[in-house]
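Keep in mind the model is a prediction, meaning the values are calculated, not measured. Atoms considered below: every heavy atom in the structure, side chains included; atoms not considered: hydrogens, waters and symmetry mates.
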Amino acid sequence: MPELPEVQTIVDDLVQAGLIGRIIVSCTIFWPGCLAGIDQYAFADGVCARRVARLWRRGKYIGCRLSSGRSLLVHLRMTGRMVMHDWAAPYGKHEHVALGFDDGRELRFYDPRKFGRIWLTDNPDALLHRLGPEPLSRNFTAQVLAERLAGRQRAIKPLLLDQTFLAGLGNIYVDEALWQARLHPLQAAGSLSMDQVRALHRAVRQVLRRGLANGGTSLGRGQGNFSATIRGTGQNRHALKVFRRTGQDCPRCGAVIRRLVVGQRSTHICPQCQQAGA
DNA sequence: AAGAATGTTACATG
DNA sequence: ACATGTAACATTCT
């Protein structure tokens, strides 16, 4: 669930919480399986007594540069959260790693489905360099998008979900962007007209910015639903036009929204606004 | 109440 | 290049 707006909301929350400059004084690991390519002892050793120097986001990764020069990378996958508690707060069932800070708080990695992963690495770029462009960066122009789409035979939706093509989009924002741009998810990526590319470019950026402004999308109240570190649930669900609105009316034309499956992912479209052709 | 579905991604196989 | 299937896992939905 956490896509670019959700991950950015979390990073903003962590900065807001004053994490930068804090020193990690303890590390408790309840489920070592979430640590990627490092054993729990080396991990704890590698983070303790280090200061948080920088927090950032790239795609759906949270980055945390430590004073040692190494960086933590966190990918929340489907159901991961970063939660903040006083160190004395009892541990919940799904809290797998806890980093204690010098002000008595603990940042805990919570993930009921256990798909999320944490790396500790000298070279975060080794993981991040494969990612496509940042959709909200200045460099990501309609022209760049057009160049990346050119010649691709793949359907546009699975391509937009491919993190090496464009970083940060997931199922929710792809469906929303395609609706906004009036594109059918199965249209061949390379067949978009320049007008369609421009519309898609604008739509991607607009739905992401709106998601961010709304503090992310939380779909329900279950344990796996998105919740940021400070702000909690996001309000962007109310701004969704098609995602999980099967059977309801398209806000643009009034047609009934349909659900289909594209590349094994549930997909929501307005059959009126989003025609297969061009 | 059993079985299916769930917002992600990596990998394996045609 | 691309599509498809699978696996990781627990909870929620049907």
Does a side-chain N or O of [X] approach OP1 or OP2 of [N] to a distance below 4.0 Å, or not?
X: Thr79(A); N: dG7(B); value: no
X: Gln264(A); N: dG5(C); value: yes
X: Lys114(A); N: dA10(C); value: yes
X: Arg77(A); N: dA8(C); value: no
X: His75(A); N: dT8(B); value: no

Expressed in angstrom and rounded to an integer, what is the separation of [X] atom [atom1] from [N] atom [atom2]?
X: Ile156(A); N: dC2(C); atom1: CD1; atom2: P; value: 11 Å
X: Arg244(A); N: dT12(C); atom1: CZ; atom2: P; value: 13 Å
X: Leu160(A); N: dT8(B); atom1: CG; atom2: C1'; value: 16 Å
X: Glu6(A); N: dG7(B); atom1: CD; atom2: P; value: 13 Å
X: Lys93(A); N: dC9(C); atom1: NZ; atom2: C1'; value: 11 Å
X: Gln163(A); N: dG7(B); atom1: CD; atom2: P; value: 15 Å

State which of [options] makes the closest approach to the side chain of [X].
X: Arg154(A); options: dA3(C), dT9(B), dT11(C); value: dA3(C)
X: Phe115(A); options: dA10(B), dT8(B), dT6(B); value: dT8(B)
X: Pro112(A); options: dG7(B), dT9(B), dT11(C); value: dT11(C)
X: Ala155(A); options: dG7(B), dA8(C), dA3(C); value: dA3(C)
X: Arg259(A); options: dC2(C), dA5(B), dG7(B); value: dA5(B)

Given the [atom1] atoms of [N] and [M], what is the spacing between them in whole Å?
N: dG7(B); M: dT14(C); atom1: P; result: 12 Å
N: dA5(B); M: dG5(C); atom1: P; result: 13 Å
N: dA10(B); M: dT11(C); atom1: C1'; result: 23 Å

Between CZ of Arg77(A) and SG of Cys34(A), what distance do you get to the nearest 0.5 Å? 12.0 Å
CD of Glu3(A) to OG1 of Thr9(A): how many Å apart, nearest 0.5 Å? 11.5 Å
Checking only heavy atoms, does the side chain of Arg117(A) share a donor-acceptor pair with the base of dT9(B) at less than 3.5 Å? no
Once you apply the 3.5 Å cut-off to both distances, tell me the Watson-Crick or G-U wobble partner of [N], or none.
N: dT12(C); answer: dA4(B)
N: dT9(B); answer: dA7(C)
N: dA1(C); answer: none

Near-ring test Tyr61(A)/Trp56(A), centroid separation under 6.0 angstrom: no
So, do His268(A) and Phe243(A) have ring centers that fall under 6.0 Å from each other? yes
Is there a side-chain hydrogen bond (donor to acceptor under 3.5 Å, both in side chains) between Arg57(A) and Gln8(A)? Walk through the geometry before answering. CA-CA 6 Å; Arg57(A) 178 196 59 76; Gln8(A) 185 67 56; 2.7 Å; yes
Starting at the 5' end of DNA chain B, which residue's closest nucleotide do you reach first, Leu127(A) or Arg113(A)? Arg113(A)
Can you tell me if Lys157(A) uses its side chain to pair, donor with acceptor, with the backbone of Ala155(A) under 3.5 Å? no
